[in-house]
2 protein chains.
Amino acid sequence: MTFDATSAKKFLESYNPRDYPSIALTVDLVVFAVTDGVLNVALVRRGGHPFKDALALPGGFVGPEESAIQAAGRELAEETTLDLGRLPVHLEQLATYTSPDRDPRMRVVSVAHLALLASDGTSLPKIAAGSDAASAGWYPVHDVLRGKEMAFDHATILGDGLARLAGKMEYTTVAARLLPEEFTLTQLRTVYDAVWETTMAAGNFTRKMTPRLHDTGRKSRGGAGGAPAALFTATDLHIHPPLTKPQAPGSPVTPE
Amino acid sequence: MTFDATSAKKFLESYNPRDYPSIALTVDLVVFAVTDGVLNVALVRRGGHPFKDALALPGGFVGPEESAIQAAGRELAEETTLDLGRLPVHLEQLATYTSPDRDPRMRVVSVAHLALLASDGTSLPKIAAGSDAASAGWYPVHDVLRGKEMAFDHATILGDGLARLAGKMEYTTVAARLLPEEFTLTQLRTVYDAVWETTMAAGNFTRKMTPRLHDTGRKSRGGAGGAPAALFTATDLHIHPPLTKPQAPGSPVTPE
DNA sequence: CAGATTTATCGTCAATCTGACAACAACCTC
DNA sequence: GAGGTTGTTGTCAGATTGACGATAAATCTG
């Protein structure tokens with residue numbers, strides 16, 4: 001039925017690289033960490049054109065002999081000076097952005113990744129600017145998204161990253177990857193509140209979360225002046241049934 | 001700490017395409033459709049090496065001026081001879097597979113997509129083999145996955161596609177995209193059973209699903225010999241709280 | 001055409017889960 | 001040690017769940 005075998009329909013047997021303009025394969029990183037009840041993202045300020053001085057996600061090229069996730073891990077290690085491999089940093093593929101004109105210079109296909117850094121909640125890991133970046137730092141995610149002035153399509157990528165994290169926290173214990181290996185229920189609840197922009201009831205949160213975690217038996221050395229809290233460890237158990245993010249006001253549950 | 005700015009760390013300002021081996025950008029398609037209570041996937045049998053005669057996902061190259069999802073839509077239209085654009089075919093990006101040696105010939109980065117075709121449940125859309133494929137046809141997904149003998153990493157991709165669909169059906173009405181625009185609750189339940197390999201109770205399914213759908217007021221002309229069923233239309237409402245897939249036996253909910 | 005059969009939908013019931021909130025115990029600061 | 005703060009457990013009414021039975025509406029069989 002389709003005789004017009006367009007050049008794009010040919011397969012590798014007849015593929016000649018010179019038929020196609022070359023493609024740059026990069027990774028972009030959405031790196032999250034929580035401090036003081038706020039979800040932060042690592043951003044760099046661009047030093048060169050295009051989008052000079054605009055905020056952008058950190059990233060870099062995928063080397064000829066590495067996969068995208070390996071490249072993401074390498075970039076993350078270079079940027080955070082973190083002894084990656086010791087801390088269980090969560091790193092997963094997010095999505096790939098392929099619009100032909102997303103970079104005005106040439107065709108850049110970017111595989112975005114989501115990275116979650118552990119934090120005790122009071123300080124953020126140091127990060128270093130990459131080679132094309134003037135500076136690097138942490139920015140409150142929800143503020144950045146409301147301001148929405150980022151280089152390339154990075155605002156979209158950041159939004160997708162947040163949505164992925166928020167969604168996955170409903171049926172997983174990923175939120176624990178934003179905390180030290182041992183943590184209290186209040187710390188975990190703080191992470192949920194930071195990401196979801198909610199204020200969850202402490203009692204009910206404890207009731208629903210406890211069976212999914214492993215109680216170490218130890219107690220936190222009272223930090224803030226209250227009763228000592230039990231220290232938990234995350235299991236890789238899926239939460240079933242899911243913890244549901246409170247319905248956003250205005251979206252009816254049962255339209256009649 | 002890292003002074004050795006590796007070539008891969010350089011940014012576009014200093015990027016020279018000839019520094020990198022060229023990359024082929026392709027799309028792979030995981031196309032699903034349901035008949036007779038079975039979830040099927042469209043596969044082609046490869047005509048050339050490597051993996052000659054093995055089953056593979058349909059796919060093709062991304063053209064120089066199209067995005068990955070556009071390429072996926074084009075390939076889907078070419079393959080199904082379907083008047084895409086009329087039927088609301090669900091098409092979404094799944095994940096990107098970038099392992100350097102996933103294709104022995106050269107570096108092929110593939111953006112996999114998930115496509116859901118509407119079907120009345122009794123027949124499947126015709127599909128045509130692509131240029132490098134000897135034949136194309138529908139195969140039962142769960143059987144194929146159990147057999148697990150596919151070209152390249154396509155078994156992984158197919159598994160990921162199934163997991164995406166199964167997961168999304170918990171909190172969305174995507175399952176309706178595998179049915180005609182108007183459908184009965186039993187048809188919808190059949191889709192759930194086909195994908196999840198479950199047997200859901202009809203009464204409870206009706207109770208939970210009804211408020212998420214739009215009742216057209218019309219009734220199905222009794223096809224199989226029973227009471228006529230109400231015809232529904234899908235809304236894009238998220239299901240809240242989610243419909244939970246029954247726990248797989250052997251995975252305890254509350255380990256104590 | 002009169003059952004028998006199949007199918008869709010609604011109803012019931014006990015068990016569980018949920019959200020709201022109170023009660024209590026353990027710790028810090030002054 | 002008094003007072004404030006924090007973590008955990010308990011209570012209670014309302015909603016949700018899974019299992020299953022009842023009813024109504026159509027087709028199939030003879």
Side-chain angles (χ1 to χ4, degrees), chain A residues 36-37 121-122 170-171 179 182-193 196 198-232 239-249 252-254 256, chain B residues 36-37 121-122 170-171 179 182-193 196 198-232 239-249 252-254 256:
Chain A
D36 298 316
T122 62
E170 292 195 353
Y171 57 97
L179 292 172
E182 296 190 344
F183 53 89
T184 68
L185 280 170
T186 300
Q187 285 181 294
L188 188 60
R189 187 165 42 81
T190 304
V191 172
Y192 272 88
D193 285 340
W196 285 356
T198 54
T199 311
M200 311 202 84
N204 296 335
F205 185 82
T206 300
R207 177 179 53 189
K208 279 198 287 191
M209 205 47 112
T210 305
R212 323 295 171 199
L213 303 173
H214 176 245
D215 193 334
T216 64
R218 264 177 297 156
K219 298 273 179 177
S220 69
R221 303 181 302 96
L231 285 171
F232 292 89
I239 302 178
H240 186 93
L243 206 69
T244 47
K245 178 172 171 179
Q247 193 73 285
V253 179
T254 33
E256 212 55 46
Chain B
D36 299 316
T122 62
E170 292 194 353
Y171 57 95
L179 292 172
E182 297 190 342
F183 53 88
T184 67
L185 280 170
T186 300
Q187 285 182 294
L188 188 60
R189 185 165 43 80
T190 303
V191 172
Y192 273 88
D193 285 341
W196 284 358
T198 55
T199 310
M200 311 202 85
N204 296 335
F205 184 83
T206 299
R207 178 176 55 188
K208 280 198 288 192
M209 203 49 107
T210 305
R212 321 297 170 196
L213 302 173
H214 175 246
D215 194 333
T216 63
R218 263 177 298 156
K219 298 273 178 176
S220 69
R221 301 185 302 95
L231 285 170
F232 290 90
I239 301 178
H240 185 93
L243 203 70
T244 46
K245 179 172 169 179
Q247 192 75 283
V253 179
T254 32
E256 211 57 48

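Only a predicted model underlies this, so the values are computations on that prediction, with no experimental measurement involved. Order of the sequence lines fixes the chain letters, A, B, ..., with proteins taken first and strands second; residue numbering starts at 1 for each chain. Computation of the quantities below employed the complete heavy-atom set of this structure, encompassing side-chain atoms and omitting hydrogens, waters and symmetry-equivalent molecules.
- Scanning for side-chain hydrogen bond (donor to acceptor under 3.5 Å, both in side chains) contacts around B/Thr210 gives an empty result, with sequence neighbours left out.
- We find that CZ of A/Arg189 is positioned 10 Å from P of D/dT6, with the value rounded to whole Å.
- Residues satisfying the side chain to side chain contact (heavy atoms under 4.5 Å, CB included) test with A/Arg218, not counting sequence neighbours, are A/Glu182, A/Thr216, A/Leu231.
- Partners of A/Asn204 under the side chain to side chain contact (heavy atoms under 4.5 Å, CB included) rule, at least two apart in sequence or in another chain, are A/Ala201, A/Arg207.
- For the side-chain hydrogen bond (donor to acceptor under 3.5 Å, both in side chains) test, no residue two or more places apart in sequence or in another chain qualifies with B/Thr199.
- Taking atom CE of B/Met200 as the reference point, atom C1' of D/dA19 lies 13 Å away to the nearest angstrom.
- In this structure B/Lys208 satisfies the side chain to side chain contact (heavy atoms under 4.5 Å, CB included) test together with B/Leu243, sequence neighbours excluded.
- Taking atom CG on A/Leu243 and atom P on D/dT16, their separation rounds to 17 Å, with Å as the unit.
- Between A/His240 atom NE2 and D/dG18 atom P the separation is 8 Å, expressed in whole Å.
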Pairwise N/O distances under 3.5 Å, protein to nucleotides 9-17 of chain C:
from: C/dT9; atom 1: OP1; to: B/Ala230; atom 2: N; distance (Å): 2.9

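- The closest donor-acceptor contact from the side chain of B/Thr190 to the backbone of B/Gly37 lies at 3.5 Å or more, if one exists at all.
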